[in-house]
A.B. asks: 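Just dropping this structure here.
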Amino acid sequence: MARVRLKNLTKHFGDVVAVDDVTLDIADREFLTLLGPSGCGKTTLLNMIAGLESPTAGEVWFDDRNVTAVPPERRDIAMVFQTYALYPHMSVFDNVAFGLKMRGVPAEDRKRLVLEASKTMEIEHLLDRKPRALSGGQRQRVALARAIVRDPGVFLLDEPLSNLDAQLRVVMRTELKRLHGELEMTFVYVTHDQAESLILSDRIVVMKDGQIQQIGTPESIYDSPANTFVAGFVGSPPINLLNGTLEQSAGGAWRVVAEGYACGVAASMIERMEPPEGQEVFLGVRAEDIEVGAGPTSDRSTSEAPDSVSDHSWSVARASVVVREPMGSDLYLTVAVGGSNVKVRTRPDVRFDRGDSVNLFFDPEKLHLFDGESGTSLTLDI
Amino acid sequence: MWRRASLYIYALVAVIYLTLPFAWVAAVSFMPEREVTQQHWWPEEPTIGNYSLYFDVEGQSADVGAAIARQFPRAIVNSLIIGSAVMLLNLTCGSLAAYALSRLPFRGNLLLLLFFLGSRSVPGVAIMIPMYLLMRSYGLLDTHLSVILSHTTFTLPFTIWILKGYFQTVPLDLERAARVDGCTPLGALLRVFLPVTTPGLVAVGIFAFIASWGEFLFALLFTTTIASRPVTVLASDFAQELQVPFTVIAAGGVLVILLPLVLSFLFQRLIIQGIGGSVTG
């Protein structure tokens, strides 16, 4: 059990700034995920929490203890590595027991604890084997057993699932969630897989270029991304980003206009910001927040076509289907709008196919507006 | 099919080419003297008489070459002392240097490595005289230490190169896991890193030992009496004494080869792993 606080943590490697002034408060027993593309500094940040890297500046606190200068062996942590890092010259039992041995736990207790941990991870039948005789999934379980056996305050996981095949990854993901429920530990989890982060986390920290882009629950990260990077990184398929200009019509209604489309913006959204007329913006809309209807020349209509692109509608004109991807429960359509492509998720019974002309309807409540230059959200209250 | 066959033929030719001289020396060592002059390839009346000279502890024999042969056990002990010391020096200095070179990104890392490699290209003869003067001024002539130090100078660069390559195959996460599990940096080195790299260490250790065991030039230069003379130098004394039977010299040759041969066979698996293999977590 431990609360982890990072204060203005910075790490330079030569001229490269790997982690840039990160301040973060991780609650006791929280499942926190550091999410970002490779090279964003998430692993370096994790290594600094572990004590494997020393920060260039800033402090790491466990509860009320400043551990910045404490070496890893004297921090109350356990870690699971991407490569598992099992000791190849030891049996599974010795691998799991190693940390206990180093901490001077008597042999009898060691045996009992190792058996307990292997029961939790379902590896009791593997205890005599050497790591090289194990499959990837089994190695992962041993690595987890080795970490939980010591009952650490903080549990650090560095992309633990990325070396597993897709099916096994799903199984182990569930396993991790179960573990977090059973163990009273703080989990800090590093991944570049946004789906993993959404499924597992209490909170997600999205990072890029060593800086925190956004901190929030999976829901808030997904529903209210702070900038175009977060919006594009979290969610699959990635959010559709269309550039356009914010305009106010004679009637006072606001809309985003560009070649090929015009989209009305809900008044409630406009109230939250001060939109200067003519501002360049990015319009963000997720695939599932788009309805697709028959276009002007299509006769395979499944929903009513709008009369025109007027002030009050929130529709898009002159769109045509480029790719149709049936996924079983869903159907993905890639639709050309002006110069860019928009991904739409719809019902599998929608019949539109390549070349069909369609209209797109954006859900006005689910729109995101970002500054055209900085990419920062214009609609998020911060 | 033909590819495979030609590969085997090539391998066979290589094996014969490499082992034939040794096989012949071994065969001769079991022949009575007259069979050598009859140019036999195989002893028809095998004898171990040629070896008895070397184990003539009481010093009764007055045969030609007996005086030299009698010193053989002592010379083998000298070779053992020198070889073991060279091996230990190589392992301690070599593993520390290779660890630093493979793990710590310090300035001049590559330059240092190239310097080590370059030092190997200097022929021993070129530094013979300065080395001799050095040893003399430190009063090390005719001591084990002089031979040990000189052998270490040419084995260590090789050791560092091999170990550096081997150490680089050890995943960094392995040591990190050990640190998180409660090891100090030294503890991680001793409890995880070294056990994992055993094949590499064994391989370079044995290579260093064998290189030292077979070295002749420096050993000849620095040693004058049986107090420090290794077996290679002693064996060359036969050449200075006329009339020593070829069969006796061959028996001496076999005795010299024996230990390196046994070592190579015993640690064959580890040596191959250490040279060609890698460590996987």
Side-chain angles (χ1 to χ4, degrees), chain A residues 13-14 43 46-54 70-90 94-105 130-134 136 139-140 142-147 149-150 152 154-160 163, chain B residues 91 95 99-100 102-111 163 165-205 267 269-281:
Chain A
F13 292 110
T43 296
L46 193 76
N47 284 339
M48 285 195 285
I49 299 175
L52 294 168
E53 305 269 11
S54 46
V70 176
E73 64 268 23
R74 286 195 274 126
R75 296 185 185 192
D76 185 20
I77 49 163
M79 193 158 173
V80 175
F81 297 85
Q82 186 177 357
T83 56
Y84 316 136
L86 301 178
Y87 310 124
H89 59 301
M90 297 183 196
D94 290 337
N95 261 282
V96 179
F98 187 72
L100 298 171
K101 203 170 156 187
M102 289 300 102
R103 281 174 170 74
V105 177
K130 285 278 175 69
R132 66 173 167 274
L134 304 179
R139 284 178 199 196
Q140 183 58 265
V142 175
L144 285 167
R146 183 174 69 179
V149 73
R150 289 195 282 109
V154 185
F155 197 3
L156 307 173
L157 302 103
D158 185 6
E159 309 227 9
N163 279 11
Chain B
L91 286 178
S95 61
Y99 186 80
S102 68
R103 284 289 193 259
L104 313 171
F106 57 88
R107 207 178 284 270
N109 186 322
L110 186 71
L111 208 66
L163 281 185
Y166 194 72
F167 284 1
Q168 271 172 338
T169 68
V170 179
L172 198 60
D173 281 351
L174 222 49
E175 287 152 83
R176 298 185 146 174
R179 291 298 305 279
V180 171
D181 265 345
C183 288
T184 59
L186 190 68
L189 185 75
L190 295 177
R191 286 174 183 279
V192 174
F193 194 82
L194 289 183
V196 163
T197 52
T198 304
L201 294 170
V202 168
V204 295
F267 294 102
R269 201 177 55 84
L270 285 177
I271 291 174
I272 291 169
Q273 249 185 49
I275 298 300
S278 66
V279 175
T280 47

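Order of the sequence lines sets the chain letters (A, B, ...), proteins ahead of strands, with each chain counted from 1. Heavy atoms only: backbone and side chains are in, while hydrogens, waters and symmetry mates are out.
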A.B. asks: Can you confirm whether A/R103 is buried at CZ, in the sense that more than 12 heavy atoms of other residues, nucleotides or ligands lie under 6.0 Å from that atom?
C.D. replies: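 Yes, because the 6.0 Å sphere around CZ of A/R103 holds more than 12 heavy atoms from other groups.
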A.B. asks: Given side-chain contact (heavy atoms from CB on, under 4.5 Å), test B/T198 with A/H89 step by step and report yes or no.
C.D. replies: CA-CA 10 Å; B/T198 304; A/H89 59 301; over 6 Å; no
A.B. asks: Closest heavy-atom contact between B/C183 and A/M102?
C.D. replies: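 Between these two residues, the closest heavy atoms are SG-SD, 3.5 Å.
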A.B. asks: Hey, is the main chain of B/R191 close enough, under 3.5 Å, to the side chain of A/Y87 for a donor-acceptor pair?
C.D. replies: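 Pair absent, no side-chain N/O of A/Y87 close to backbone of B/R191.
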A.B. asks: Could you look at B/A178 and say if it's the side chain, the backbone, both or neither that has a heavy atom under 4.5 Å from chain A?
C.D. replies: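 Answer is both: backbone and side chain atoms of B/A178 are under 4.5 Å from chain A.
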A.B. asks: Between OG1 of A/T83 and CG of B/L174, what distance do you get to the nearest 0.5 Å?
C.D. replies: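 Here the interatomic distance stands at 8.0 Å.
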A.B. asks: Answer with side chain, backbone, both or neither: which region of A/D158 has an atom nearer than 4.5 Å to a non-hydrogen atom of chain B?
C.D. replies: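 Neither the backbone nor the side chain of A/D158 comes within 4.5 Å of chain B.
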A.B. asks: Between B/T184 and chain A, which part of the residue has a heavy atom less than 4.5 Å away: side chain, backbone, both or neither?
C.D. replies: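 Both backbone and side chain of B/T184 come within 4.5 Å of chain A.
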A.B. asks: Side-chain contact, heavy-atom cut-off 4.5 Å: A/M79 with B/D173?
C.D. replies: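 The answer is no, as the side chains (C-beta and beyond) never meet within the 4.5 Å cut-off.
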A.B. asks: Report the distance from atom CG of B/D181 to atom NZ of A/K101, rounding to the nearest 0.5 Å.
C.D. replies: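 It is 12.0 Å, given to the nearest 0.5 Å.
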A.B. asks: Quick one, B/R176 and A/E53 - any side-chain contact, counting heavy atoms below 4.5 Å?
C.D. replies: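 When only atoms from C-beta onward are counted, A/E53 and B/R176 do touch, with a gap below 4.5 Å.
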